[in-house]
Each structure stands twice: as C-alpha cells, then as structure tokens.
There are 2 protein chains.
Amino acid sequence: MKDFSDPAACACFNLRKAARAVTQHYDEALKPCGLRTTQFSILAVLARLSPAPVARLSGALVMDRTTLTRNLKPLVGQGLVAILPGADDRRKRNVSLTAKGRKAFERALPHWQAVQKEMIGRITPTRWQRLEKDLGHTVRAAAES
Amino acid sequence: MKDFSDPAACACFNLRKAARAVTQHYDEALKPCGLRTTQFSILAVLARLSPAPVARLSGALVMDRTTLTRNLKPLVGQGLVAILPGADDRRKRNVSLTAKGRKAFERALPHWQAVQKEMIGRITPTRWQRLEKDLGHTVRAAAES
DNA sequence: GCCAAAAGAGTGTATATACTCATAAAAGTA
DNA sequence: TACTTTTATGAGTATATACACTCTTTTGGC
C-alpha cells in the first residue's frame, strides 16, 4: 500500500502541486487583462448567475464563503463587480457584474481560450477529458461529508 | 469544442477547486498535530532531503522559491525546521529538519495515513491511481515551458 | 406579538501563493 | 586581479484561502 505510507503520494499534495503549476500559466496569460485566474473564474460564474447572493456564488465556485468575500474586494475596487443589499431579504448581499465587469470578462475570454487550448494540448485532450471527470468526482467525493 | 468556450471547463479552475475541497479535509485531519497540509508536505520532503538548500526543496515541492521561504517561517517559529548558512557556499541556506521536527512529522504520519485512506476510499482507489498519474503528467506538461 | 433559533454575511487572524525588485556571493573572463 | 555575469536568496506588495467569532435579520413556535 504505497499510497498510505509514502507522503509523496498524498492526494492533497499532488492536487495542490498541479494547481500551482497550472495556475502560473493561466495567471501569466491573463496578465494583460489585469486579471488573475481566480478573478476570471469569479467573473465567469457571475456572467451566468449575476445577480446572486454571496452564498449562492460560493457554492457554485466550491469556494469558502469568507474566501469569496475577500476575493471580491479587488474586483469591487476595480469597479467590475457591485454588491448591493437584497431588496427582499436585508441579510443578503447581491453580487452583480457591472457593465465594466462584463466587458473585462469578454476581453479576457480570448486570452483564456488561448491558454486553455495550449494547456489542454500539452496535457493531451484525451487525458484532460479523463482528468476533468476525475476532478469533478473528487470534488463531489470531498463535499459529501 | 466545449473546452474552449465554456469557462466552467477551465483546467485551472477545476484543479484549484478540487485542491480547495480536498485540502479542507487534510487540514482538518492534521489539526490535532498543529500542522497544515502544506506544512506536512514540507516536513515529508525534508525527511528525505534534509539538509537541503531552499532552491532544491522548492524544486522538489514544485513550489515557488519565495513561497517556500514564506512557508518555512511558521515551521522555523515552531522549532521544527532550522535554516543554516551553507559552509561551502555562503549564498546557500541549508534547510534541515530538527529533532523536534522529525518527531512532529512522525506523530503526524498516522493522521495523514488515516485521511489519505479515507479520501482515496471516497475517490475510489482505481480512479485515484489514474488521477495521480494524470496529475503528475499535468505538472510535467506545465513545467516544460 | 415575543423570543429563541437559524440564516446570511463580514472581520480578525494566520497561512499560502508568487511576481518584482534588491542583495550578496560565487564563477567566469579579460 | 578587476570586472561582468550568474546564482542563491530575501523583502515588498498583492492576492488566495479558510477557521473562529460576531453581527444583523429573518423565521418558527408559542
């Protein structure tokens, strides 16, 4: 049982390592847009769900609620995202994409497509298809506690 | 080509998402030891390579050199790791596991094994075996720039 | 309507991540 | 040897991550 005796086989370590390695390429590619990968992902989710309360977004991103709150700060600072109190429920904060934010997202899209194509090409489309499924399964497996 | 038009298919986003989800379990499991997953990983690598200069360790961890420097700080603070100037080359800083650090690592090992077993069980050993290979390939693919 | 419980969200604190720039020492070269 | 280049590293800054705690508002039970 190598998997349970050799820390180099650590599932967490290997996932984080791969995430670090890949993130650097995406961040580099999105640099001309003034966006990080995480920020692009948030805008992408918002493009579909805006406006939506914080908890709904953090669920969609599989990101801790408080993490999302912090991550929204620079986006709000840049005027790409606006946060408004909910009309029906004053506890809720509705996060929405501004016009500027939607433009920034659309400008970033081709840059993302380029690096995505490049990276999947390197990984190999076949392997990536498999990997994406396995990652999705992993997220669900981790979340089911 | 769904992979190049739907940001939800983003390789980076999916990797980071899975890393986040899994990290929470490992951090929770290692909490009684006073270690985070990243710290455990560093100790595990040091258990094999200690003493080693910063650049050598960051290479082994596929972690940015400056990131490792920051990550070492709390470990040094807890006395688990010591950093000494190189005798041969005064530019180098040799990072080494202290006796206390080795003990902390050995105490943490069973906790890691438990969560590793639990997580691989959830993911499924077959899928994990495949995933680990694919992650390794991804790291190499990303690094070959 | 009153009050306890639950839901939605922010803050304090600490770690994780990495780019840019600065520093110092070793190695190479004329 | 003096000068340049390369190597090893740290510091400044900014974002990413999340647990514990707190605050406010809503909801449910009576």
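In what follows, chains carry the letters A, B, and so on, assigned in the order in which the sequence lines appear, proteins first and then strands, with residues in each chain numbered from 1.
Closest-nucleotide positions on DNA chain D for Pro74(A) and Ala21(B) were compared, and the one nearer the 5' end corresponds to Pro74(A). Take the nearest nucleotide of DNA chain C for Arg56(A) and for Ala19(A): the residue whose nucleotide is more 5' is Arg56(A).
Annotation: proximity of residues 93-100 of chain B to DNA chain D (heavy atom, distance under 4.0 Å) is found for Arg93(B), numbered in ascending order. Non-hydrogen atoms lying under 4.0 Å from DNA chain C are contributed by Arg36(B), Thr38(B), Gln39(B), all within residues 34-53 of chain B.
At distances below 3.5 Å, not a single donor-acceptor pair connects side-chain atoms of Arg20(A) with backbone N or O atoms of Leu15(A). Between the Thr138(B) side chain and the Asp134(B) main chain, a donor and an acceptor come within less than 3.5 Å of each other. With Gln24(B) contributing its side chain and Asp64(A) its backbone, the two residues share no donor-acceptor pair below 3.5 Å. Looking only at distances, no side-chain donor or acceptor of Glu132(A) sits under 3.5 Å from a matching main-chain atom of Asn14(B).
In 5' to 3' order, the nucleotides of DNA chain C bounding all contacts with chain B (an atom under 4.0 Å from a heavy atom) are dT15(C) to dA26(C).
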Using a 3.5 Å cut-off and no angle test, enumerate the donor-acceptor pairs between side-chain atoms of residues 32-51 of chain A and protein atoms at least two apart in sequence or in another chain.
| from | atom 1 | to | atom 2 | distance (Å) |
| --- | --- | --- | --- | --- |
| Thr37(A) | OG1 | Asp27(A) | OD1 | 2.8 |
| Thr38(A) | OG1 | Arg16(B) | NH2 | 3.4 |
| Gln39(A) | OE1 | Arg36(A) | N | 3.0 |
| Ser41(A) | OG | Thr37(A) | O | 3.1 |
| Ser50(A) | OG | Leu97(A) | N | 2.9 |

Result block: side-chain N/O donor-acceptor pairs under 3.5 angstrom for residues 69-82 of chain A, not counting sequence neighbours:
| from | atom 1 | to | atom 2 | distance (Å) |
| --- | --- | --- | --- | --- |
| Thr69(A) | OG1 | Arg65(A) | O | 3.2 |

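Connectivity analysis of hydrophobic side chains (ILVMFWY, heavy atoms under 4.5 Å, direct or indirect) links Val139(A) to Val62(A).
By the 4.5 Å heavy-atom criterion applied to side chains, Leu135(B) and Leu131(A) are counted as neighbours. Counting heavy atoms from C-beta outward, Tyr26(A) and Thr23(A) have side chains that stay 4.5 Å or more apart.
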Fill in the blank from the handout: Once base and sugar-phosphate atoms are separated, protein heavy atoms under 4.0 Å mark nucleotides 24-29 of chain D, 5' to 3', with B, S and - as BBS---
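Atom CZ of Arg56(B) is surrounded by 12 or fewer heavy atoms from other residues, nucleotides or ligands within 6.0 Å.
For His137(B), the side-chain hydrogen bond (donor to acceptor under 3.5 Å, both in side chains) partners are Arg127(A), not counting sequence neighbours.
Among residue pairs with one or both ends in residues 41-94 of chain A, none qualify as ring pair (Phe, Tyr, Trp, His ring centres under 6.0 Å); sequence neighbours excluded. The ring pair (Phe, Tyr, Trp, His ring centres under 6.0 Å) contacts involving residues 47-96 of chain A comprise nothing, where partners must be two or more places apart or lie in separate chains. Annotation: side chain to side chain donor-acceptor pair (under 3.5 Å) contacts involving residues 90-107 of chain B, sequence neighbours excluded, comprise Asp89(B)-Arg91(B).
Between His25(A) and Val115(A), the shortest heavy-atom distance links the atoms O-CG2, 3.8 Å.
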Could you list all N or O pairs between the protein and nucleotides 19-21 of chain D that sit under 3.5 Å apart?
| from | atom 1 | to | atom 2 | distance (Å) |
| --- | --- | --- | --- | --- |
| dC19(D) | O3' | Lys31(B) | NZ | 3.1 |
| dC19(D) | N4 | Thr66(A) | OG1 | 3.1 |
| dA20(D) | OP1 | Lys31(B) | NZ | 2.7 |

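Between the CG atom of Asn71(A) and the C1' atom of dA18(D) there is a distance of 11 Å, given to the nearest Å. As rounded to whole Å, 10 Å separates atom C1' of dT7(D) from atom NZ of Lys92(B).
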